[in-house]
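Here is the structure we will look at, set down as structure tokens.
On a predicted model such as this, the values are computed, not experimentally measured, just so you know. Computation of the quantities below employed the complete heavy-atom set of this structure, encompassing side-chain atoms and omitting hydrogens, waters and symmetry-equivalent molecules. The sequence lines fix the lettering, A, B, ..., with proteins before strands; numbering per chain opens at 1.
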2 protein chains.
Amino acid sequence: MRPQLGKDKILQAALSLFAQNGYHKTSMNEIAKGAGVSKGLTYNYFESKQALLLAIIEQASKKMFDVAEKMSTPSDYKSMLKIFLDQYFLFLKNNKKYLSFQLSLLFQPDLKKIVEGPLQQRAERLLSNTVIMFREAGASNPDLTARRFMSELDGIALHNLSVFKDYPLDEMHTQLFDNYKDLK
Amino acid sequence: MRPQLGKDKILQAALSLFAQNGYHKTSMNEIAKGAGVSKGLTYNYFESKQALLLAIIEQASKKMFDVAEKMSTPSDYKSMLKIFLDQYFLFLKNNKKYLSFQLSLLFQPDLKKIVEGPLQQRAERLLSNTVIMFREAGASNPDLTARRFMSELDGIALHNLSVFKDYPLDEMHTQLFDNYKDLK
DNA sequence: TCAATATGACTGATCAGTCGGTCAATTAAT
DNA sequence: ATTAATTGACCGACTGATCAGTCATATTGA
């Protein structure tokens with residue numbers, strides 16, 4: 001059987017265009033053109049535009065799970081914290097467009113329905129990993145500490161991605177580490 | 001001159017529909033119908049759909065500035081903090097749909113261009129108010145403290161609005177106050 | 001009568017999704 | 001080994017629906 005050369009190209013092109021111009025502003029024709037294939041082929045692999053979106057999210061979620069696994073390599077608290085923060089801020093810097101796209105999905109009612117399943121799963125998993133980290137560090141209330149930690153991280157991501165100019169990302173990174181390295 | 005009964009109804013209907021179904025999924029026909037008015041009248045008051053969106057954002061920004069002013073009533077730090085947090089969490093509870101809508105605008109490239117001006121202004125203002133609060137409280141680095149404080153708040157808002165189920169909003173509220181009432 | 005408010009049928013563009021089909025490569029039958 | 005049958009990757013013109021925006025016209029109040 002001939003290899004499915006097109007399918008992957010379509011996924012890549014769609015992700016790139018969705019992230020750049022938004023879901024609603026990207027037509028299936030553009031995606032096909034971007035992938036160097038016909039529209040028909042696109043519909044041969046994906047039932048609908050929404051199905052294509054879901055496929056993208058599931059693919060990206062898998063990649064992020066892999067990154068999250070790196071964190072859970074058992075070691076002492078301070079190292080885990082450092083690894084986690086380094087990974088998080090690195091990802092933040094390298095994936096601004098994709099992260100914006102993902103956030104846009106969560107706040108558009110029609111798209112939220114499609115993607116909330118996989119995204120929820122990913123978020124809960126990340127949170128529970130963080131709880132474990134703080135529990136091993138001997139936090140008095142690891143659950144709450146994890147919630148606040150993740151809130152602050154995601155808040156930083158939000159500010160960095162949205163309205164604030166010249167966001168001091170590196171400064172926030174070092175500050176966070178200093179703040180959390182010795183648990184109160 | 002007859003009063004512009006229609007204009008306000010159009011703004012209200014548009015805000016409500018945008019927040020409920022998203023900008024792209026809301027047609028000008030729906031808005032007109034929702035306002036009990038013809039489509040032609042809508043275009044009599046607003047040049048385009050984008051202009052209507054901008055008008056909504058500017059209107060809403062004014063309302064939020066008023067809320068922000070309440071915070072800056074001069075008093076002791078602990079009272080200011082309490083008032084600010086109470087206002088913030090109250091707003092969070094009462095305006096979930098609108099906040100989601102506003103966030104969706106910031107992350108859709110085509111819409112971001114339209115709304116980022118007013119929203120940026122509002123965000124910077126809120127941040128600088130917070131800096132003042134922490135400076136008066138004698139924080140060693142009020143600028144950074146304010147940044148982290150706002151990050152955590154907006155991160156909580158993000159988590160509450162997006163993927164997490166059964167978010168413990170009230171618990172976070174009291175925790176934050178306890179944490180910040182005596183500055184480290 | 002002048003000007004503002006208001007109408008809704010209409011237009012042109014765009015877009016998601018369809019469908020009849022081509023062709024190269026594999027498989028099976030002779 | 002040659003050919004016939006079958007598969008599925010791939011194409012792009014087309015359709016039906018939707019939608020932003022227009023305009024000729026009507027209504028109403030000052």
* Please state whether the phosphate of dC10(D), meaning OP1 or OP2, lies under 4.0 angstrom from any side-chain nitrogen or oxygen of Tyr45(A). =>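 Yes, such a contact exists.
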Spacing between [X] atom [atom1] and [N] atom [atom2], to the nearest angstrom:
{"X": "Lys9(B)", "N": "dT5(C)", "atom1": "NZ", "atom2": "C1'", "answer": "13 Å"}
{"X": "Asn44(B)", "N": "dA4(C)", "atom1": "CG", "atom2": "P", "answer": "10 Å"}
{"X": "Leu41(A)", "N": "dA13(D)", "atom1": "CG", "atom2": "C1'", "answer": "16 Å"}

* How does protein reach along nucleotides 9-17 of chain C, written 5' to 3' as B (base within reach of a heavy atom under 4.0 Å), S (only sugar-phosphate), or - (no contact)? -> ------SBB
Is there a donor-acceptor pair under 3.5 Å between the side chain of [X] and the backbone N or O of [Y]?
{"X": "Thr145(B)", "Y": "Asn141(B)", "answer": "yes"}
{"X": "Ser16(A)", "Y": "Gln12(A)", "answer": "no"}
{"X": "Ser162(B)", "Y": "Leu158(B)", "answer": "yes"}

Regarding [X] and [Y], is there a side-chain donor-to-acceptor distance under 3.5 Å anywhere?
{"X": "His24(A)", "Y": "Asp110(A)", "value": "yes"}
{"X": "Tyr88(B)", "Y": "Asp154(B)", "value": "yes"}
{"X": "Arg125(A)", "Y": "Gln120(A)", "value": "no"}

* Is a salt bridge present between Asp76(B) and Lys82(B), judged by a nitrogen-to-oxygen distance below 4.0 Å? ->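 Answer for the salt bridge query: no.
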* To the nearest 0.5 angstrom, please state how far the CZ atom of Phe107(A) sits from the CZ atom of Phe107(B). =>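 Here the rounded value is 7.0 Å.
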Listed pairs, N/O of protein and of nucleotides 1-3 of chain C, under 3.5 Å:
none

